[in-house]
Structures are given as C-alpha cells and as structure tokens.
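For reference, the structure is listed below as structure tokens.
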Number of protein chains: 2
Amino acid sequence: MRNRLKDVAERAGVSVKTVSNVVNGYVHVRPDTRARVEEAIAELNYRPNLSARHLRKGRTGVIALAVPELDIPYFAELARHVVTAAAEFSWTVLIDQTGGGREQERVVASGITDHLIDGLIFSPLALTAEDLTGLDGTPMVLLGERVDHGPADHVVIDNVGAAREITDHLIRLGRRRIAAIGSQRTPEGASARLRLTGYADALRAAGLDYDEALVAPAPAWHRADGAAAMRGLLASGVRPDAVFCFNDTLALGALRALHEAGLRVPEDVAVVGFDDIEDGRFSIPTLTTVAPDKAQIARLAVELLAERLDGDRSAPARELSAPYRLELRESTQSP
Amino acid sequence: MRNRLKDVAERAGVSVKTVSNVVNGYVHVRPDTRARVEEAIAELNYRPNLSARHLRKGRTGVIALAVPELDIPYFAELARHVVTAAAEFSWTVLIDQTGGGREQERVVASGITDHLIDGLIFSPLALTAEDLTGLDGTPMVLLGERVDHGPADHVVIDNVGAAREITDHLIRLGRRRIAAIGSQRTPEGASARLRLTGYADALRAAGLDYDEALVAPAPAWHRADGAAAMRGLLASGVRPDAVFCFNDTLALGALRALHEAGLRVPEDVAVVGFDDIEDGRFSIPTLTTVAPDKAQIARLAVELLAERLDGDRSAPARELSAPYRLELRESTQSP
DNA sequence: AACGTTGCCTACAACGTTGTAGAAACGACG
DNA sequence: CGTCGTTTCTACAACGTTGTAGGCAACGTT
C-alpha cells in the first residue's frame, strides 16, 4: 500500500499540511521540523499522488503528443525531441498514436485524454479546421500543414519553399526529367499538395515542363509505397533522370525499386527525399534530403504550449515557422 | 470551463449520482431519465475528470511503456504493438523514454510516474535485479533479458537459441570465418552476452574455432556503431566471409561499411541481423534476420500486467517466452 | 389488507492533496 | 509591560468522482 501525506505526518508528528509545505518547498518551516519530515518521507518512500494533486490544483504536469504512427521514423525522432524539450518544463509526455484516421484524430482532439493532460501537441493528418472549432478543452499546438488557419497555435516549416529548393538542386545538377513521388488527392494530403506546388514552381522557374506522367501518387508514405510508385514509373516507360520523393521513407523504397531494376543512383537516376531520418544517412547510397530542424520544431511547440498554459487562453492563435536546410549526400552526387 | 457531473445534474434535474450512474452504465435508471441525462451530457459536452475518478477508484486506465529510445526502430515498432494490445483493455499507453541510463531507469522504476499509472511495461537496459527489490509500487512487466530472475513478471525470447540458429544458418551456407558485431562487457550488455553465447555455441557445434579477433564490440547498437565496428574488422586484416550483427541497426551500419570497402553482400560477405525492423526489408540488399514476434511480446506483456492488476499482487513472478523465426533475405542468398 | 421485493433515485462520505484563514509562539520596539 | 509584526504551524474546506446506505413507490404474493 502506498503512503500518503497523512502517514508521513503521523510519523513526523506534524500536521498533514506541514508535510505538504515541506514537499512543496514552502519557506517558513523550522529546519528541525523540515528535517524530521524529510526523514519520514524517506523512510516511508512517500510519493505524492498526482491525481489528487491535479484535482486540487488543476494541473497534472503531463502533456500529450499525438502522432499518426510511431514507427514512421520521422515521428519517432520528433517524439524524442518533444520529450527532451518538455523535460525543460518538468513535463511528462504521454505519447498517443492516432493511426491518422479522421475519426480517431477527432476523438483525440476532442479530449479522449480527458482531464489527465494539461496540453496537447498534435500532428494531424486528416483533421480539418472545422473539426477543431468549438473545442473548449485542452490547449493545443498543431504541427504540420493540415489545419492551415485553424483556431490553434501552429508550428510549420515552409514546405513549398523547401520542395522548390530541393527540386532546384536537381535542376542545377543538370537533370531535366524529374519525377515526383508521393502526390495525394485526399484531404489528408495537405503536405503532399504543398510539396507538389514547390516542385512545380521550381520546374516552371527553370523553364521545364510539368509532366503529369512523371508525378506518381502514393496512398501512404511508407517504404512499400515508394517502391511501388517507382516500379510504376519505370513500367510506364517514362525515363526520369531524377526523383523527388515527398519523404525519406518513400525515397528508401524508391532506391530499392531502382536497385531491382538495375539502375544506378545517382548516375542513372538522382534521388532526393524529405525529413532527414536517420536511415537516410546509412542507406546505400546515402540520401540527399530536406532536413527540417526537428529539435527546433519540438522546442517551439513546447514553448507555445507553455505560453498558452500560463497566459491568455483566448488570445489569437499564433503560427511559428521552423527552419530547414538541404542535406546533400550520395544519392545526388557521385561518391 | 469544463463541465462537471454537477452541471449535468442540474441541467437534467437529477442528482449527481444519477448522472454518474448513467455515465457508468448502471442498469436501474428509467429510460426517460437516462435519455434526459444523456441529452444534458451531449449538450454540455461533458467529459469525466479522470483524475477525480482515479482518486476515487484507484485506477486510471493508463499504463506506461518505458523504453530506452524511441527512435530505435525496434522500440518504436514494439511501442505500436503495445498500444494496440492495450487497446483491448481500453488502456491508454503513456510512453516514456528512459535514455537507457541506470539512474534514469531507476527513477522510472521507482515511480516517477507516481500515481498516474496503473502499471508499467519496462524494457530496461541498465537496471539490475537489486534496483528493483523493495519496490512496493506499481505492478511491472519487464521485457528483455536484463533482470533475469528479478522480482517482476517477465517476457523474454530465447536469445541464445535464436543466435545459435542464425549463426548455424551461416555455417550451413558454407561460411567459415563468421564475425560477430555488438559484443559488450558493460552490465547493460545482457542481450549481447546471450547472443554471443549462442554464436559461440553454434561455432563449437560445427567444429569451428571461436576467434576473438572476429568478435567486435559496439558501445551502443546504432547504425554508426555497426559501421565503425565493421570498418574496424576490415582494417584489422581479418577477412570474414559472414557477419552476425547483434541487431538490425548494427547490420545496416555494417552493410554501409562493406559497401564503402567495395565488398559485395552476400557474395563476399554474408550479413545477418536481429530484430526484423522494417528497414531491413528495403535495405540494399535486404537483410536476413531473427524476427521476434513483437505482437506476441506486446500481447503477453499486456496480459501479464492485466492479470497482475486484477489478481494477486504478491503472487510469484512469472516468466513467459515469445516465439521468433528466421527471416531469410538477400543478405545471405544471391538474388 | 398486509407484507416483502424490486426498481429508481438521492444524500453523504471519502479518495489525497493544497489554498485560505487563523491560532500560537516569539522577538522587537516604544 | 503592552503592542505589533513575523514565523511556524494547524484546522478546515474544496477539487470531481463513486461506493454505501437508505428512502420511497410500485408491484406481486399471501
């Protein structure tokens, strides 16, 4: 059985409130009293009951991070950074896996986690702005592009700009038939649309045609989808000399398909991705990619949440942008 | 402001307890009363306060999963399975990242999560059995090898047997100079020791010498460590014709180093790993590996925890074993 | 008609904590 | 010595929920 303030108080011969004062670092406690209490705490291995504390104070010290899937490396890496950033505020992070479906995401947003958490950092795929209106509940920070001008604080990166830059990098390497893998027409595909826009922008700026046949959709952004899309492109007879994959896992799948088709990367086909996941630094060949500053994204999200928790909860939503850079590796340059 | 039972009760014109009864599905409520209450709940968007419920009932419906690092794919995949298995019991899973250090793990085990969680599934690296003795607190299920006969329920796989089998697979392919990457002398290296034992067993059974020069240590089991260890082996002049890496990320690093050295896999050197992470199905070449049944590990862990929560908390600790199989891919067979 | 049973509902207390209010002891000061 | 302010500590109530005990009707049985 767990010990309570009451047990500690009895052992130390003081009132419950005095023990509470010691636990909470209240200054006006005589040194010898404090020592006696601390001794009793240690002997009984007392731990405060967070539920009771929360009930009384209205804060749990727990925030949630909701992501579509944990075994997508990008989200796992992001989760690590969020946990690190939250540690600065002594927050525990509850990680929630939504699966990415609209209904599940709505459940999370509308507070399945109920009164257990103080705030939510949410990376939605399918959620729309209207799903979020009228949510009185927990303060929320959104990551990613989906809910563009929704009612919540928001951390983004410049998807269009980043896609344009990396496409332009391929163009400056002399590539002319640049394919794109990962387009999506579904409402979930907000990031896909933005990256496709950047891709098209870069082509246009360079005077290259936008060729529908070079743009391959991918239902999800897993390795298998990337491989399938690449095989499809090759089978269709288009002969790209470069491929912009809308994320790194797609690119790793594409590398695989190119390898199976006997094409060399980057000699025959240059490949670039997006996200800078760990795998891309060790793949064969290593992967040129857009590297969003994940640590910064996490830090901004946590700080926005902290401000919202301490400050005015009805202040207008803010949108912050995190930086990125291009990470040039073997898949676009000969070793 | 959030609504409470009291607000719903006033709106529906009933007592607080009746609303509670409706929320909890108590049968003896007149249909029209129930309808009125449900209407009020919907109108006010009422959500129960889990902290208060916990305080009263002693259960939160939240369990924690503590793993060393989330961006190690094995743990991310495991986390997904645990979340899925826990959903069967309507449990929320709080995922905790320990970092793998002994002190941090001790903090987690001794209840940093305090009274917020009902139970803990814990995959420790550095923790010893004695760190766990005398923990009165939360029920716990351990994953992995570290705390062999500790005081807590335990889910394992047969590391020695699996290592022996996959080493034997290399031997049956005709390989004779089989290196091992990932040995560790630190206390954290329990899995490493077991896998090394299986490796040595297989060599002995086949009448091959155990050559210390073929065994490369790796401080951690990341891709970079695998690459460094492989480079070290090659530089030392030993010429292995196969490598058993103690996990898949090490193996992916080793593939990378072999590629850089101009050696072909599997023609010159066969490579096998351990864990069956998603990456190994798309790497070039794809990776032969030991595939532990992660879904089963997660299910067993969750079920053990459920039994412990509902049953006798002082019953003797149980140890369950999860199955594995060999996944044969390109890194040991020509395409 | 009297009685027990069942269905439906309510009042109260308690879970462990902390904010508020205030009591008691003490020292400083006029 | 009385007054005042400070330090140190305590009693009480409240956070939102649910288990327990019990009351009142309506019903069926003798």
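The chains referred to below are lettered A, B, ... by the order of the sequence lines, with proteins before strands, and numbering in each begins at 1. Predicted, not measured: the structure shown is a model, and the values here were computed from it.
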Find the distance [X]:[atom1] to [N]:[atom2] and express it as a whole number of Å.
X	N	atom1	atom2	value
A:K6	C:dA14	NZ	P	10 Å
B:L5	C:dA11	CG	P	14 Å
A:L50	D:dC15	CG	C1'	15 Å

Nearest to side-chain heavy atoms of [X], which nucleotide of [options]:
X	options	value
A:R4	C:dC8, D:dC9, C:dG16	C:dG16
A:V14	D:dT10, D:dT17, C:dG16	D:dT10
A:S15	D:dT10, D:dC9, C:dG16	D:dT10
A:R56	D:dG16, D:dT8, D:dC15	D:dC15
A:Y46	D:dT18, C:dT17, D:dG16	C:dT17
A:T18	D:dC9, C:dT18, C:dG16	D:dC9
A:L55	D:dG16, C:dC8, C:dT17	D:dG16

For this session: Once you apply the 3.5 Å cut-off to both distances, tell me the Watson-Crick or G-U wobble partner of D:dT30, or none.
Result: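 With both distances under 3.5 Å, D:dT30 matches C:dA1.
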For this session: Going 5' to 3' through nucleotides 20-26 of chain D, assign each nucleotide B (protein heavy atom under 4.0 Å from a base atom), S (under 4.0 Å only from sugar-phosphate atoms) or - (no protein heavy atom that close).
Result: B------
Exercise. Under 6.0 Å from the CD atom of B:E88, do we count more than 12 heavy atoms belonging to anything else shown?
Worked result: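 Counting neighbours around CD of B:E88, 12 or fewer heavy atoms of other residues, nucleotides or ligands fall under 6.0 Å, so no.
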Problem set entry | From B:V141, B:I121, B:I117, residue fulfilling side chain to side chain contact (heavy atoms under 4.5 Å, CB included) relative to B:I63 |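 So, applying the side chain to side chain contact (heavy atoms under 4.5 Å, CB included) to B:I63 and each of B:V141, B:I121, B:I117, only B:I121 qualifies.
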Problem set entry | Charged N-O contact under 4.0 Å between A:R318 and A:E307 |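 Salt bridge: yes.
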Exercise. Is it true that the side chains of A:H54 and A:T60 contain a donor and an acceptor less than 3.5 Å apart?
Worked result: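 A:H54 vs A:T60: no donor-acceptor pair found between side chains.
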Exercise. Where is the tightest heavy-atom contact between B:A322 and B:Q296, given as atom of each residue plus distance?
Worked result: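 That closest heavy-atom pairing would be CB-CG, 4.2 Å.
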Give me the distances for all protein-to-nucleotides 23-27 of chain C N/O pairs that come in under 3.5 Å?
none

Any side-chain to backbone donor/acceptor pair from [X] onto [Y]? Under 3.5 Å, distance only.
X	Y	result
A:R36	A:A12	yes
A:E69	A:G99	no
B:Q97	B:L70	yes
B:T84	B:R80	yes
A:N24	A:Y26	no
A:D118	A:G61	yes
B:D153	B:A317	no

Problem set entry | Contacting residues from residues 32-41 of chain B, given that a heavy atom lies under 4.0 angstrom of DNA chain C |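 Of all residues in residues 32-41 of chain B, the ones placing a heavy atom under 4.0 Å from DNA chain C are B:T33.
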Respond yes when some side-chain nitrogen or oxygen of [X] is under 4.0 Å from OP1 or OP2 of [N], and no when none is.
X	N	answer
B:R53	D:dT18	yes
A:S20	C:dT17	no
B:N24	D:dT18	yes

For this session: Remember a base hit wins even if backbone is also touched, and classify B:V16 as base, sugar-phosphate or nothing at under 4.0 Å, heavy atoms.
Result: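 Touches a base.
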